[in-house]
Amino acid sequence: RATNGNSIFVFESAGICIAHLSHLHHDLTPEDITKIGRVDILMVPVDGYVTMSLDEVMHVIELMKPRLVLPCHWDLFGGPGRFAARAEGVYPIKSGESSVITVSRESLPHATEILFLPQGP
């Protein structure tokens with residue numbers, strides 16, 4: 001696997017915390033999760049090859065307990081199908097009709113859900 005750097009971006013707006021794990025190439029520890037803090041929406045790479053393994057992705061989701069997971073990097077190496085198969089039965093999986101979503105604290109699911117958005121133009 002490539003290990004050319006790691007990136008984590010954390011944003012907060014309107015009382016919603018969004019973490020984008022971008023090009024994270026390793027699992028996170030409970031200590032890492034504590035440093036990041038509460039996350040409502042988690043954008044996580046699910047290619048399972050260039051970044052984290054699917055087992056590592058599932059572990060990070062389990063530790064962070066976000067209300068909404070937005071898979072990214074899923075157009076690589078059969079990522080969406082392999083990740084969906086790995087997460088099926090663990091978390092509800094939904095598909096969005098638009099590449100744009102509007103969220104509020106009230107509209108977020110109460111427990112972790114995975115939402116695949118279609119690719120934009």
Side-chain angles (χ1 to χ4, degrees):
R1 290 190 333 203
T3 57
N4 55 350
N6 293 293
S7 300
I8 297 175
F9 301 96
V10 179
F11 308 89
E12 187 165 351
S13 179
I16 297 174
C17 184
I18 303 167
H20 185 333
L21 301 187
S22 192
H23 286 279
L24 187 63
H25 295 280
H26 60 82
D27 199 351
L28 295 176
T29 66
E31 293 80 20
D32 295 328
I33 302 301
T34 299
K35 288 178 186 175
I36 293 170
R38 182 201 91 234
V39 171
D40 299 302
I41 300 174
L42 178 64
M43 300 172 69
V44 62
V46 297
D47 59 78
Y49 178 74
V50 174
T51 56
M52 295 183 280
S53 71
L54 295 181
D55 286 341
E56 290 169 326
V57 170
M58 294 298 291
H59 184 242
V60 166
I61 294 170
E62 177 186 328
L63 287 176
M64 292 188 123
K65 297 177 180 31
R67 293 169 65 181
L68 185 62
V69 175
L70 301 175
C72 56
H73 295 204
W74 58 264
D75 56 340
L76 303 171
F77 310 107
R82 292 181 328 114
F83 174 67
R86 178 69 178 81
E88 186 176 18
V90 180
Y91 301 108
I93 300 172
K94 298 183 177 181
S95 295
E97 295 180 19
S98 170
S99 59
V100 176
I101 61 171
T102 302
V103 296
S104 67
R105 288 209 50 77
E106 296 76 27
S107 71
L108 287 171
H110 294 290
T112 302
E113 288 184 5
I114 296 169
L115 176 62
F116 281 95
L117 298 175
Q119 288 183 310

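Model, not experiment: these values are computed from the prediction.
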Any side-chain heavy-atom pair of Met58 and Tyr91 under 4.5 Å
yes
Ignoring hydrogens, what is the shortest heavy-atom contact between Met43 and Cys72? Give both atom names and the distance.
C-SG, 4.2 Å
Please list, chain by chain and in numerical order, all residues satisfying side-chain contact (heavy atoms from CB on, under 4.5 Å) with Ser104, sequence neighbours excluded.
Glu106, Ser107
Val46 vs Val57, test: side chain to side chain contact (heavy atoms under 4.5 Å, CB included). Steps then yes/no.
CA-CA 7 Å; Val46 297; Val57 170; 4.1 Å; yes
Taking all atoms of both residues into account, what is the closest heavy-atom pair of Leu117 and Gly96, and its distance?
CD2-CA, 4.3 Å
Exercise: identify the closest heavy-atom pair between Pro30 and Leu63
N-CD1, 4.2 Å
Checking Asp55 against Arg86 for the salt bridge (Lys or Arg N to Asp or Glu O under 4.0 Å) test, could you report, in this order, the C-alpha distance in whole Å, the side-chain angles of both residues, the deciding distance, and whether it holds?
CA-CA 8 Å; Asp55 286 341; Arg86 178 69 178 81; 3.0 Å; yes
Does the pair Leu115 and Val69 meet the rule for a side chain to side chain contact (heavy atoms under 4.5 Å, CB included), with working shown?
CA-CA 6 Å; Leu115 176 62; Val69 175; over 6 Å; no
Can you give me the closest heavy-atom contact between Pro71 and Ile114, atom names plus distance?
CG-CG2, 3.7 Å
Answer yes or no: is there a donor N or O on one side and an acceptor on the other, between the side chain of Lys65 and the main chain of Glu62, under 3.5 Å?
yes
Look only at the side chain of Arg82 and the backbone of Asp47, and say whether a donor-acceptor pair between them is shorter than 3.5 Å.
yes
Hits for side-chain contact (heavy atoms from CB on, under 4.5 Å) against Ile41, two or more places apart or cross-chain, chain-then-number order -> Ile16, Ile18, Leu68, Leu70, Val103, Leu108
From Leu21 atom CG to Glu56 atom CD, the distance as rounded to the nearest 0.5 Å:
11.5 Å
Could you grab the distance from atom CG of Asp27 to atom NE2 of His59, nearest 0.5 Å is fine?
5.5 Å
So do the side chains of Ile61 and Thr112 get within less than 4.5 Å of each other, counting heavy atoms only?
yes
Taking all atoms of both residues into account, what is the closest heavy-atom pair of Ile36 and Val39, and its distance?
CG2-CG2, 3.8 Å
Any side-chain heavy atom of His20 within less than 4.5 Å of one from Ile8?
no
So, for Pro118 and Ser99, which heavy atoms are closest and what is the spacing to 0.1 Å?
O-CB, 3.2 Å
Distance, nearest 0.5 Å, that separates SG of Cys17 from CG of Leu42:
10.0 Å
Between Arg67 and Glu113, is the closest basic N to carboxylate O distance under 4.0 Å?
no
